[in-house]
Protein chains: 2
Amino acid sequence: MLSRRSLLGAAGAAYAANPKIDAALTRPVVRRELLKEPVLIQSIELLKSGKHFFVRVRSTNGIEGFADAHSSVMASAYPILLKRVAPSFLKKDARDVEVLLRHVYLAQSNYKWQGLPYWVSVAVVEIAILDMLGKAANQPLGALFGKVIRKTIPVYRASGNRGNSPEAEIEYLQKLVGETGATAIKYRLGARMEYNDASTKRDLALLPLTRKTFGAGMSIYADANGSYDVPMAIRIGRLMEEQKFAFFEEPVPFDYYDETKQIADALKIPIALGEEEMSLRGFRRIIESGTAQVIQPDLLYFGGLIRSIKVARMSEAAGLDCTPHMSGGGLGFLYIAHFASVVPNVGAHQEYKGDDDNLPVSCATSSLKSEKGMLTVPAGPGLGVELDPTLLRNATPIAV
Amino acid sequence: MLSRRSLLGAAGAAYAANPKIDAALTRPVVRRELLKEPVLIQSIELLKSGKHFFVRVRSTNGIEGFADAHSSVMASAYPILLKRVAPSFLKKDARDVEVLLRHVYLAQSNYKWQGLPYWVSVAVVEIAILDMLGKAANQPLGALFGKVIRKTIPVYRASGNRGNSPEAEIEYLQKLVGETGATAIKYRLGARMEYNDASTKRDLALLPLTRKTFGAGMSIYADANGSYDVPMAIRIGRLMEEQKFAFFEEPVPFDYYDETKQIADALKIPIALGEEEMSLRGFRRIIESGTAQVIQPDLLYFGGLIRSIKVARMSEAAGLDCTPHMSGGGLGFLYIAHFASVVPNVGAHQEYKGDDDNLPVSCATSSLKSEKGMLTVPAGPGLGVELDPTLLRNATPIAV
């Protein structure tokens, strides 16, 4: 047998774990000391009202929590939430939520199901539990994890367009900025998991035009959604550097880790990655290997705030920002606001979607809107918002 | 900014793709030349009969194909199959199935859903389509991919036990071998994603006892299901080497790639990995980096035969065996038989489950049983089996 190291000439350096990252992973995330009494989970319901899915949890002593359940995902994921995720949390003490996340991962061999529909199911159950715990502790959600260090959050607006003309895209970005006062924008490059002559022509025109239009004071991010190969990514990245862009997201397909690292090594602009990363260990590898410099767990796709805070702490140990990705509409912006209220290394701006698809809620302590580019984090207990009574009246439980 | 390479002292070698692997990925998998006329997909149904889920496809010219739909997975995955997977194949020419796999990956941003329930849904639709194509071409399924090189397949039997006494496990393994004549066995070590004093005591007793009981002629595999850390994996691996075991599966959690490579570098026994690998690129990385030496895509979890053949070809280019993992009961053994009929580097034995949960089928060309440790590959067109008429009579379509 050949020596395995020489077999393929592949990267042969031995792996040595970063001890700072070990330490970051060891620290508990939930401040259990805020809750003196057990909060036993009596029920977990997945409810649908109109087009909205949401989760409601209730404790045996009558405290409720809820979470927007990412309706577009839940439309295909509901049996996973109901059969593989919720049962693992029932009758348990919600204060142990961090331990319960380990239990549900092992239950029914769910670790084999690691992926978007499983983790979104876990995330929305977790967030409803955290909302309930916040109410039990009379603390905003962020305070469950540590000292709240931000009461307002600078936001960025992202465009979902691709294939329109550079001029039309500029007009759309101006509209987004006008509505929100955002001091940062993000837009899409390439042709989604591929590029072609038309997309390259658009990319090359847009990069200087956005800087020229919005001036030096605007933070500009661009997301290639895995469209490029290494040479094109380096070419586009150099142009971004000339135009002083702030990060370059997913230059090549998300699971092309080695190529992403090659691009990161060749460029100065930070590479952002993480939306499709489903494994805590995978994030560790991205961070330790220097594959990306802005770490982007999606709070829902990745399984909730607790797991994402572990990623943020690993990123912090490596001197990197952890800026969450925001999927879909719903109340994702609110989860990000609470995350950013307590995580030091979230980066300069957080994504805000002014989506009409939001679950209807009211809030006494925040407009829930971007005002002059800032979103006020709700200060009330838990998520700090109240569900619309009409939504609740029309809600029916989903069963499988 | 610090140099990224020096930032964490992590593995710094630049990635260089193996050109043989590039070539292995470029070759088409399906022999389209066998089918002169279009085979247009008119319908794709997910049916349930008793506890069994199965897929039935029909072409516009009346050819049918079916696949066992991995009932225990499908119980939670059916909306994904019906809403996110099947629509992408409808009205298309089944001869383009290889291209359609790329289309469904991009459709509805399904690449973000990469994971077990998505890939099982793709796999069972693909296998039903391949069964239909085999009937259209009047060829057994394996022949759709190349020259059939094996008509009988040596099998191994795997025990699913853990936590029983070494003596009870030996008795159980003897029963499995007695029933099937298998010349290879696999059993479980550790405590499933962890180990403890009791599991280590059992492991240390079982390893020599199996060899002593079954003698030098038995191929013995062991699966730790991610139970160990690096030092314990090396300790157990050395004992396996002494006892001349044939492979050591998942010594540490499946997504601990760097640690798995450390173990592979320290041991001579081949390390087997792949059951939870969901990305073609992920397999490429495992193969190119020397992380594992026996490559184990699960034909269903990984999204079907075509994708798994690409993994086998990458493995072959690196001089490695690709021995599929077999999940659950159902007709998985039949899919593996067809895979092994045509893939040269499948390794010495394939898993066979003598499960009573099998979808009831009949076969004119094979007993579908292990006889003296060999399973005969059905020689009829497609999968080469007929569904039980009672099953079909009782079948009702699932809708969402």
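Order of the sequence lines sets the chain letters (A, B, ...), proteins ahead of strands, with each chain counted from 1.
- When heavy atoms are compared at a cutoff of 4.5 Å, Ser109(B) approaches chain A by way of both its backbone and its side chain.
- Note on Tyr301(A), Tyr111(A), Tyr78(A): by heavy-atom pairs under 4.5 Å with chain B, the leading option is Tyr111(A).
- Counting heavy-atom pairs closer than 4.5 Å to chain B, the top-ranked of the candidates Leu81(A), Val73(A), Val400(A) is Val73(A).
- Contact of Val120(A) with chain B is not made at all, since no heavy-atom distance falls under 4.5 Å.
- When the candidates Glu276(B), Glu259(B), Gln262(B) are compared by the number of heavy-atom contacts under 4.5 Å with chain A, Glu259(B) comes out ahead.
- The closest donor-acceptor contact from the side chain of Lys112(A) to the backbone of Leu116(B) lies at 3.5 Å or more, if one exists at all.
- Side-chain contact between Ser76(A) and Trp113(B): present, with at least one pair of heavy atoms (C-beta onward) separated by less than 4.5 Å.
- Counting heavy-atom pairs closer than 4.5 Å to chain A, the top-ranked of the candidates Leu82(B), Leu106(B), Asp298(B) is Leu106(B).
- With chain B as partner, the option from Lys20(A), Glu275(A), Arg284(A), Gln114(A) having the largest number of non-hydrogen pairs under 4.5 angstrom is Glu275(A).
- In this structure, the portions of Ala75(A) lying under 4.5 Å from any heavy atom of chain B include both its backbone and its side chain.
- For the pair Tyr15(A) and Tyr257(B), the minimum side-chain heavy-atom distance is 4.5 Å or more.
- Not one N or O on the side chain of Arg281(A) forms a donor-acceptor pair closer than 3.5 Å with the backbone of Pro253(B).
- Interface summary for chain B: among Arg84(A), Lys83(A), Arg192(A), the most heavy-atom pairs under 4.5 angstrom belong to Arg192(A).
- Not a single donor-acceptor pair under 3.5 Å links the side chain of Arg285(A) to the backbone N or O of Asp255(B).
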